[in-house]
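As structure tokens, the structure follows; a few thoughts come after it.
None of the values given here were measured: they were computed from a predicted structure. Note that ligands are numbered from 1 as they come in the structure, with each ligand's atoms numbered from 1 the same way.
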Amino acid sequence: MIIGELLPLLVAYWPIVLATSAVAYLLNNKFYKGLNKYPGAPLAAYTNWWRFFEVWGQKSEVTHVALHKEHGDIVRLGPNVLSFADPKAIKTIYGLNKGMTKSDFYPVQQAVSKGKRLQSLFSTTWEDYHAKYRRCVNGAFAMSSLVEYEPLVDSTTDVYIERTKELYCGEKKQRCDFTRWLQFYAFDVIGELTWSKRLGYIEKDQDVDGIIEFLNKFLSYAAPIGQMPFLDLILEKNPLKLQLEKWGVNKKVFPVTKFALDRSGERKDEMQKVRETGIVEKRPGRGIDLLTKFNQAQHDHPEFMTDAQVLAASTSMVFAGSETTAISLSSVFYHLVRHPKVYAKLMQELDDAAETGAIQQRDNNKVSWAESQKLPYLDAVIQESFRMHPAAGLILERITPKQGIEICGEHIPGGVIVGCNSWVLHRRPEVFGADVDTFRPERWIEADSLKLKEMKATMFQFGAGARTCIGKNISLLEIYKLVPTFLRTFEIEMACDDWKTRNAWFVRQSEFYTNFKLRSVPREVPSLMFLRKTSGVNKASSSPVETLMASRSIRTAWQLEEMGLDYKVEFSERENGKAPQQFKDDSGDALGKFPLLKDGDLTVGESGAIAEYLCEHYDTSNKLLPKDSATRVKCQRWIHASEATYALHALAILYTRWFGADNPSAAEKIEQGMSVNVCKDMDFLENELAKSGGKFLVGDSVTVADCMMLFSAQFILARQLGVQGKKWEKINQWIKDCENTESYKRAVEKTGHAL
Ligand code: HEM
């Protein structure tokens, strides 16, 4: 009856009715729960659409900082949303047992499998469920587990450094989109840590299965939709859509979920065993991955951990651990290249540490976690980079408990969304100093212990409390290892004016272009000691460099030149065909043999051993001694054959000529006998050159094999030791090609070598 009377009125006056309802709705929002006393952007109090469009604009971190600057420590971001800037709020909002729960912003980020939401550690809002879940998997993320992950990080780092050399320092040398390249690293490390299998980004230099693109789109969707989560129920997680997926009509699977399912499928039997026995077999040199640990948790907590939980935990590693780590790594490198003095100071710390042995020499300059923890300036640089550019760019939303709660002296009613944004907290001048907008790592070193404690307590890049980042230790492991390793291997130069950033929940950088150059470490250069044998031919020449001299030192000099290493030469003329006593004493070598290589405190003797030493310590790109086993063993054979076979047979003939004059017929017999060997040796060399497939001994570029063998072949042919005028076409051409390389010419010039 009432409806019957009201309806015509509503129809007749609908514009007035509509306007009045809208005003009532907006006013109700404005005064909702008495939150009208908190200032903010004018529209924010009236409607969530303000924050929806604000987040859509992808600059929220800038807006939030500006709003707090203008309005103080509490700012209203929506009818039911308050942002806090006072660091004291952290303990209340995120502290344990405060009755706070994650808001509906998080379930928007839930992955879906077969029409069912995956309640992941990150996205679930059921706090009791979360506590149980976290207890089950916590062990996998403890500091003590880092040892098990370090080999997994190292294996990816090796590939990363090699690929960086190939793509950005090699012949193809190109400008690097560094943020993207660091993303590839972060995604592959997470793949390796979770499933012992990289997702393949680094090797392929591409976004495998479009996972990164998918995540970008997903986050760009989740950030604004998360401001009005009911929209997700209309769009992505529409119940009808989910039902269709359950029935198998719409078989859409998130690409990361697919990757996770495939990996679990591959290791079904192994994981079944872990679930049944709880025992994990340690694989030598390989760490224990997270999938194994989650399956072990299934054995330990069968009442809770289901297959779905294991799947959710594995996929959330990629969601929560890749983009965030890549952003943080980008921030470190960006701030370094933008602040050359800081960059130089950090390099000094790293070089000093390498010099004193605080950082050991390893393949690809890898730095261990333990070593990285003893580098205070590195720590300051990383902390400051976290401060300047934390990954999460929105407030970490929590809902106040029913009875309300006091935050920073204000009673906030129940059911209100509250939170802090790390971008706001990290720019508190009373905590970090008046120069908060400046990147200045020194602040972390100058601070006294009390100040440092306060600064650390205000850092919010990993969140805080019960829902703090579980992967914090893992990400620190990655960052503290990769940063020094990369910096020791490459010089980084900015190749753009500035980067761009956009805040889609995480503040992602783009267009951060850089050039890389292999870094040569400024250190005392090695010194090559050798004797020069003065021959009669050019004896008249006034300059010692122009005097004809043959020495095995040419091998080392050529190798040093090929490797682009600086070095000093120290030589002595022979006196009456012998090494002067003083020179021998100075060398410190008991046998008084040359050449010798002096490198720091080390003295390396024997030309083959010197060649191996140089490859091991300086051939970071494996150019001189290739990595693949077949080529490597060939080169190693040549290193040894040059003296143990070629020089041995040839020298036997030379010594016979020198000392056999009293018994010419015996001398002739020895020479004939040894000639057979020398000719066989040369035939072998000729054949190997024919098979090489390039101009040099094992292909198209000079390797340590050429450096070692050239002198032996030149020596045999120049002195005609057992070769009886025979000719080897390929050997002759190879000698010419070697002698024509710029590196060889420089070595000749520097040592004065000639035969
Ligand atoms: C520098 C890198 C990282 C940053 C800056 C970061 C940041 C964060 C933040 C801010 C949170 C809290 C979110 C909230 O309260 O709303 C969080 C949670 C989480 N993070 Fe990280 N994260 C990083 C690396 C990682 C890694 C490497 C992993 C996995 C291996 C990971 C896994 C997680 C998970 C599972 C959660 C949810 C924890 C829970 O609610 O119990 N994160 N992370």
Would Y133 count as a contact residue for ligand 1, given that I'm defining contact as a non-hydrogen atom of the residue lying under 4.0 Å from a ligand atom? no
Assess the side chains of Q109 and W505: does a donor N or O sit below 3.5 Å from an acceptor N or O? yes
Using only atom types and a distance under 3.5 Å, with no angle test, would you say the side chain of Y480 pairs donor to acceptor with the backbone of V367? no
Hey, looking at atom 31 (C) of ligand 1, which of P390, S475, G471, A312 has the closest heavy atom? G471
Among E478, H130, K102, M317, which one puts a heavy atom closest to atom 39 (C) of ligand 1? H130
Under-4.0 Å heavy-atom contact with ligand 1, by part of Q461 that carries it: backbone
Among A392, C469, G419, closest by any non-hydrogen atom to atom 8 (C) of ligand 1: C469
Tell me: protein heavy atom nearest atom 24 (C) of ligand 1, and distance? T324 OG1, 3.5 Å
Are W181 and T164 linked by a side-chain donor-acceptor pair shorter than 3.5 Å? yes
So for F460 against ligand 1, with non-hydrogen atoms under 4.0 Å, the contacting part is neither
Can you confirm, on distance only, whether ligand 1 has an N/O atom lying under 3.5 Å from any N/O atom belonging to R398? yes
Counting only nitrogen or oxygen atoms and a 3.5 angstrom limit, does W505 reach ligand 1? no
Can D232 and K237 be counted as an ion pair, charged N to O under 4.0 angstrom? yes
Check each heavy atom of E397 against ligand 1 and say whether those closer than 4.0 Å belong to the side chain, the backbone, both or neither. neither
Would you check the N or O atoms of S316, main chain and side chain alike, for any that come under 3.5 Å of an N or O of ligand 1? no
Can you check salt bridge (Lys or Arg N to Asp or Glu O under 4.0 Å) on D437 and R427, steps first, answer last? CA-CA 7 Å; D437 292 323; R427 279 170 173 73; 3.4 Å; yes
Only one of R502, R180, K500 clears salt bridge (Lys or Arg N to Asp or Glu O under 4.0 Å) with E511; which? K500
N/O separation below 3.5 Å, L290 to ligand 1: no
List the atom pairs, with distances to 0.1 Å, where a side-chain N or O of residues 387-401 and a protein N or O form a donor-acceptor pair under 3.5 Å, not counting sequence neighbours.
| residue | atom | partner | partner atom | Å |
| --- | --- | --- | --- | --- |
| R387 | NE | E384 | OE1 | 3.0 |
| R387 | NH1 | H426 | O | 3.0 |
| R387 | NH1 | V436 | O | 2.9 |
| R387 | NH2 | E384 | OE2 | 3.0 |
| R387 | NH2 | V436 | O | 2.9 |
| R387 | NH2 | T438 | O | 3.0 |
| H389 | NE2 | V507 | O | 2.9 |
| H389 | NE2 | Q509 | NE2 | 3.4 |
| E397 | OE1 | S103 | OG | 2.6 |
| E397 | OE2 | R51 | NH1 | 3.1 |
| R398 | NH1 | Y106 | OH | 3.2 |
| T400 | OG1 | P413 | O | 2.7 |
| T400 | OG1 | G415 | N | 2.9 |
| T400 | OG1 | V416 | N | 2.9 |
| T400 | OG1 | V416 | O | 3.4 |

Polar atom proximity, K472 to ligand 1 (N or O, under 3.5 Å): no
Which heavy atom of the protein is the closest neighbour of atom 34 (C) of ligand 1, given with residue, atom name and distance? I470 CG2, 3.7 Å
Ionic contact status for E127 with K102, cut-off 4.0 Å: no
Using a 4.0 Å heavy-atom cut-off, say whether T468 meets ligand 1 through its side chain, its backbone, both or neither. backbone
Between the side chain of T468 and the main-chain N/O of G465, is any donor-acceptor distance below 3.5 Å? no
List the closest protein heavy-atom neighbour of atom 13 (C) of ligand 1: residue, atom name, distance to the nearest 0.1 Å. F122 CE1, 3.8 Å
